[in-house]
K.L.:
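Dropping the structure in here first, questions after.
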Amino acid sequence: MELHSGSLDTKEIFGRWLDEQAKSNYGAYIPFVGTIRAEDGIEALSFDIYEPILQKWFDEWQERAKVLGAVVKMAHSVGDVPVHTSSYVSAVFSPRRRVALELIDEFVEDFKANAPIWKYDVKNGERIYAEDRSTPMDGAGLLK
Amino acid sequence: MELHSGSLDTKEIFGRWLDEQAKSNYGAYIPFVGTIRAEDGIEALSFDIYEPILQKWFDEWQERAKVLGAVVKMAHSVGDVPVHTSSYVSAVFSPRRRVALELIDEFVEDFKANAPIWKYDVKNGERIYAEDRSTPMDGAGLLK
Amino acid sequence: MIKVEFLGPIGKTPMEIEATTLADVAVKLKEEQELGAWLDKCAVALNDTMVNDLTTVLKDGDKISILPPVCGG
Amino acid sequence: MIKVEFLGPIGKTPMEIEATTLADVAVKLKEEQELGAWLDKCAVALNDTMVNDLTTVLKDGDKISILPPVCGG
């Protein structure tokens with residue numbers, strides 16, 4: 001897992017992960033690249049991350065992947081990321097395509113639901129919490 | 001759709017497709033990279049392709065993707081591809097992640113089932129049809 | 001005349017035959033011993049479009065392609 | 001003492017409270033008016049591990065994190 005300040009260098013990450021696994025004999029490599037869409041007049045999105053819990057979340061996914069003979073990877077931006085640049089890359093390597101296709105779907109969906117990352121719209125230099133697009137994590141409401 | 005003689009330059013393809021869509025405002029980009037696994041003592045896999053029907057198959061997928069507001073891409077090798085190098089890259093670009101995750105799965109699975117491509121193991125320089133791993137296409141047996 | 005070509009691993013040289021429907025083509029190809037193991041698992045294209053109906057009518061100059069089991073990727 | 005920290009957009013400075021279970025923490029936090037809109041949609045971590053049980057027993061020096069709705073990617 002890697003966190004970067006600002007936009008991700010997607011090509012560098014794609015190539016580096018490919019090279020790292022070049023001799024691992026995985027038949028399928030599926031990256032997911034998330035790019036900031038220009039919409040609602042935003043200039044950028046901005047991200048807060050709570051790293052200790054994100055790391056635990058990611059470590060559990062590595063264990064899940066390992067049981068399937070697969071590997072997961074993840075990179076995310078911290079701070080402002082301008083529109084048309086990327087804030088998120090995750091990936092699965094697996095010997096077989098079915099495992100890889102199913103795992104990337106589950107990994108990305110669980111990331112959206114449970115990774116401790118908060119998103120803000122940046123408009124006129126102001127940071128506005130993207131509350132309408134945010135999801136309460138599993139177990140939310142415990143203290144209500 | 002692009003066909004290349006021998007191994008694919010995966011990084012070049014990933015980056016070029018990313019650049020082509022840099023201003024298209026797609027939020028999700030999911031490439032699938034297929035790499036030749038070292039197994040059963042093969043040196044390489046080798047591929048025959050019948051391009052006119054592959055092109056039609058791909059054009060139909062482009063239409064299907066368009067209806068969903070998405071784009072599909074594909075690159076494949078012709079001829080010999082040594083182990084640990086890549087023979088196949090396909091990708092989906094979509095505004096939204098759910099469409100992209102579902103489309104890459106369907107696109108890759110239909111590719112495996114219906115793209116007119118024949119695979120051969122290369123052992124001791126000899127080309128042996130990979131019959132046990134091949135799938136009859138939709139409609140097979142019409143003339144039996 | 002109808003041209004019939006055999007793709008990928010079949011390794012048979014193209015044939016020219018007389019036929020007015022795909023059913024006629026089936027009859028002709030079943031006479032070819034070396035195709036015995038192939039026909040029940042091969043799909044068929046007419047002028048590079050996949051076809052599924054034996055009653056399909058053919059015209060002079062048509063091209064039939066015989067496609068054995070595939071494995072791209 | 002138990003430290004309570006509020007992550008992401010909540011924007012509240014950390015608190016130090018006395019509590020022996022998570023249920024005690026709930027009672028204390030409900031007294032904080034500015035948390036009114038947050039508690040029903042926030043998840044909770046104890047020493048950086050997600051927790052789901054109000055009877056969870058706390059000890060001196062524990063850290064509670066309050067996690068509002070997320071949206072990575």
Side-chain angles (χ1 to χ4, degrees), chain A residues 1 3 8 32-37 45-60 74-78 81 86-90 107-121 126-144, chain D residues 2-58 61-73:
Chain A
M1 191 189 88
L3 303 181
L8 299 181
F32 177 104
V33 179
T35 297
I36 310 295
R37 303 188 68 213
L45 292 178
S46 191
F47 297 91
D48 286 343
I49 294 186
Y50 186 60
E51 191 168 350
I53 292 177
L54 182 61
Q55 187 66 56
K56 282 192 183 178
W57 174 88
F58 181 75
D59 291 346
E60 281 169 26
M74 198 199 107
H76 203 285
S77 298
V78 179
V81 183
S86 298
S87 53
Y88 172 50
V89 186
S90 61
F107 183 49
V108 169
E109 290 298 326
D110 191 51
F111 170 83
K112 294 298 284 189
N114 286 304
I117 302 181
W118 297 279
K119 179 182 280 179
Y120 305 81
D121 290 334
E126 217 188 327
R127 215 167 176 247
I128 307 148
Y129 175 48
E131 188 174 358
D132 56 324
R133 281 161 285 151
S134 299
T135 311
M137 298 170 77
D138 289 350
L142 183 68
L143 302 185
K144 80 178 171 207
Chain D
I2 307 297
K3 188 173 182 187
V4 184
E5 56 178 30
F6 303 92
L7 300 179
I10 304 179
K12 183 173 164 61
T13 48
M15 295 167 65
E16 302 243 312
I17 62 173
E18 297 287 352
T20 51
T21 65
L22 277 179
D24 295 343
V25 176
V27 170
K28 290 270 164 61
L29 294 188
K30 276 186 267 196
E31 291 166 5
E32 302 287 314
Q33 279 206 331
E34 61 195 294
L35 292 178
W38 288 110
L39 289 183
D40 66 340
K41 54 192 175 190
C42 283
V44 181
L46 169 58
N47 301 329
D48 296 333
T49 298
M50 304 304 293
V51 284
N52 269 301
D53 185 350
L54 278 180
T55 66
T56 304
V57 174
L58 306 176
D62 276 351
K63 182 180 73 171
I64 302 285
S65 305
I66 307 298
L67 297 99
V70 295
C71 188

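Just so it is clear: chains get the letters A, B, ... in the order the sequence lines come, proteins before strands, and each one is counted from 1.
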K.L.:
Which region of Leu67(D), side chain (C-beta onward) or backbone (N, CA, C, O), has a non-hydrogen atom less than 4.5 Å from a non-hydrogen atom of chain A, or is it both or neither?
P.N.:
both

K.L.:
Mind ranking Ser65(D), Gly36(D), Cys42(D), Cys71(D) by heavy-atom pairs under 4.5 Å with chain A and telling me who comes out on top?
P.N.:
Cys71(D)

K.L.:
Would you compute the distance between atom CD of Glu5(D) and atom CD1 of Ile66(D) and round it to the nearest 0.5 angstrom?
P.N.:
9.0 Å

K.L.:
Measure from the side-chain N and O atoms of Asp62(D) to the backbone N and O of Leu46(D), and report whether any donor-acceptor pair falls under 3.5 Å.
P.N.:
no

K.L.:
Taking the side chain as every heavy atom from C-beta outward, state whether Asp24(D) and Leu58(D) have any atom pair closer than 4.5 Å.
P.N.:
no

K.L.:
Could you tell me whether Phe111(A) and Phe32(A) have their ring centroids closer than 6.0 angstrom?
P.N.:
no

K.L.:
Under 3.5 Å, side chain of Thr21(D) to main-chain N/O of Thr55(D), donor-acceptor pair present?
P.N.:
no

K.L.:
Please classify the contact of Lys112(A) with chain D as side chain, backbone, both or neither, using a heavy-atom distance under 4.5 Å.
P.N.:
both

K.L.:
Need one label for Lys41(D): side chain, backbone, both or neither, based on atoms under 4.5 Å from any heavy atom in chain A.
P.N.:
both

K.L.:
Where does Gln55(A) contact chain D at under 4.5 Å (heavy atoms): side chain, backbone, both or neither?
P.N.:
neither

K.L.:
Please check if atom CD in Glu16(D) has more than 12 non-hydrogen atoms from other residues, nucleotides or ligands closer than 6.0 Å.
P.N.:
yes

K.L.:
Check whether Asn47(D) gets within reach of chain A through its side chain, its backbone, both or neither, counting any heavy atom under 4.5 Å.
P.N.:
backbone

K.L.:
For chain A, find which of Leu22(D), Val27(D), Leu39(D), Val70(D) contributes the most heavy-atom pairs closer than 4.5 angstrom.
P.N.:
Val70(D)

K.L.:
Using non-hydrogen atoms only, which part of Ala130(A) is less than 4.5 Å away from chain D: side chain, backbone, both, or neither?
P.N.:
neither

K.L.:
Check the angle between the aromatic planes of Tyr88(A) and His76(A) and answer parallel, tilted or perpendicular using the 30° and 60° thresholds.
P.N.:
tilted

K.L.:
If we define contacts as heavy-atom pairs under 4.5 Å, which of Gly8(D), Ala26(D), Pro9(D) has the most with chain A?
P.N.:
Pro9(D)

K.L.:
Quick check on Thr49(D) against chain A: is it the side chain, the backbone, both or neither that has a heavy atom closer than 4.5 Å?
P.N.:
both

K.L.:
Counting heavy-atom pairs under 4.5 Å to chain D, which of Gly34(A), Ser90(A), Gly139(A) comes out on top?
P.N.:
Gly139(A)

K.L.:
Should Phe6(D) and Leu29(D) count as side-chain neighbours, where that means a heavy-atom distance under 4.5 Å?
P.N.:
yes

K.L.:
Under 4.5 Å heavy-atom distance to chain A, tell me which part of Leu35(D) shows up: side chain, backbone, both or neither.
P.N.:
neither

